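Have a look at the structure below, then the notes.
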Amino acid sequence: DVCSSDLATVDATGVTTLTNSGASTFDVGAVVSGSAIIDTSNTVGAVTLATVTTTGGMTLTNSGTGAYTQTGAVSAGVTGDVVVNMAGTLGAVSLGAMSGKTVNLDVGNTIGGVNASGTITALTSATLVLSSLQANAAALATVDHAAAGTGLTVAVTGGILVDALVINDV
């Protein structure tokens, strides 16, 4: 049997929590919410996530056996924190743009490799834990941090010495 979980659009003002563990595929369209928790740990098949926009914080977690693909941007504006934890994902991880007051990205111990095609924008800090098993591609930039009167702190650990990482002070 092939199972599939598909959600076209989730639009909520409070906290949105989406959890999946077991379906062959899990596809989520646009999520607009006050805050969001999306946990696809232990999903057997591929996970596809379009856009997630919150005014508060968000946490995205995956450690499944299939590929994880973010086709759109995830944004908590400049007031919410973004946590993206893909550590232990067996399939390839493809990430799009991410933005928030702080951005924490953990792609450590991913088996299928990591590609970040979008820029990570953080107002005050970004913490990146890169895969030490496969090459990483990531870019980090800031938006309006000088205008907001705060500095940007970036912490990077992991990697395999052939990683593409760019830090821009805008």
Side-chain angles (χ1 to χ4, degrees), residues 9-10 16 18 27-40 46-64 67-89 91-170:
T9 301
V10 177
T16 299
L18 303 176
D27 296 317
V28 179
V31 175
V32 178
S33 185
S35 62
I37 300 167
I38 301 174
D39 186 350
T40 54
V47 174
T48 304
L49 177 65
T51 61
V52 180
T53 306
T54 65
T55 54
M58 76 174 68
T59 301
L60 311 177
T61 306
N62 186 69
S63 60
Y68 182 96
T69 304
Q70 176 191 324
T71 60
V74 296
S75 175
V78 294
T79 57
D81 299 327
V82 175
V83 177
V84 178
N85 184 353
M86 300 290 116
T89 300
V93 174
S94 298
L95 300 171
M98 295 175 220
S99 63
K101 180 179 178 184
T102 65
V103 177
N104 297 296
L105 172 63
D106 186 346
V107 291
N109 301 321
T110 53
I111 305 296
V114 178
N115 180 43
S117 60
T119 299
I120 297 170
T121 304
L123 181 67
T124 59
S125 69
T127 303
L128 307 177
V129 177
L130 303 178
S131 177
S132 57
L133 303 173
Q134 295 285 339
N136 301 273
L140 177 73
T142 63
V143 172
D144 294 335
H145 90 259
T150 62
L152 177 68
T153 302
V154 179
V156 180
T157 58
I160 63 169
L161 302 177
V162 294
D163 303 310
L165 177 63
V166 177
I167 300 172
N168 294 312
D169 183 11
V170 178

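It should be emphasised that the depicted structure is a prediction, and the values quoted were computed from it without experimental measurement.
For Ala122 against Val103, the heavy-atom pair with the smallest separation is CB-CG2, 4.2 Å. The two residues Ser131 and Val107 come nearest to each other via the heavy atoms CB-O, 3.3 Å. Looking at every heavy atom in both residues, Met86 comes nearest to Thr61 through CE-C, 4.1 Å. Nearest heavy-atom pair across Ser63 and Thr89 is CA-OG1, 3.6 Å. A pairwise comparison of heavy atoms in Val52 and Ala36 identifies CG1-CB, 4.2 Å as the closest pair. Residues Thr54 and Gly34 come closest through the heavy atom pair CB-O, 3.6 Å.
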Quiz item: Hey, mind stepping through Val82 and Met58 against side chain to side chain contact (heavy atoms under 4.5 Å, CB included) and telling me if it holds?
Solution: CA-CA 5 Å; Val82 175; Met58 76 174 68; 4.0 Å; yes

So Tyr68 and Val84, side chain to side chain contact (heavy atoms under 4.5 Å, CB included) or not? Walk me through it. CA-CA 12 Å; Tyr68 182 96; Val84 178; 5.7 Å; no

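Side-chain contact between Thr71 and Thr48: present, with at least one pair of heavy atoms (C-beta onward) separated by less than 4.5 Å. With contacts defined as side-chain heavy-atom distances shorter than 4.5 Å, the pair Val31/Leu18 qualifies. Side chains of Asn109 and Ser132 form a contact here, defined as non-hydrogen atoms less than 4.5 Å apart. Put simply, the side chain of Leu130 does not reach to within 4.5 Å of the side chain of Val114, judged on heavy atoms.
Distance check, rounded to the nearest 0.5 Å: CG of Asp81 to CG of Leu123 gives 10.0 Å. Here CE of Met98 is found 4.5 Å from CD1 of Ile120. Values are rounded to the nearest 0.5 Å. Leu95 CG to Leu105 CG: the interatomic distance, rounded to the nearest 0.5 Å, is 6.0 Å. If you take CD1 on Ile38 and OG1 on Thr16, they are separated by 8.0 Å, rounding to the nearest 0.5 Å.
No donor-acceptor distance shorter than 3.5 angstrom exists from the side chain of Gln70 to the backbone of Val93, with no hydrogens or angles considered. The closest donor-acceptor contact from the side chain of Thr124 to the backbone of Lys101 lies under 3.5 Å.
Side chains of Ser75 and Ser99: a donor on one and an acceptor on the other come within 3.5 Å.
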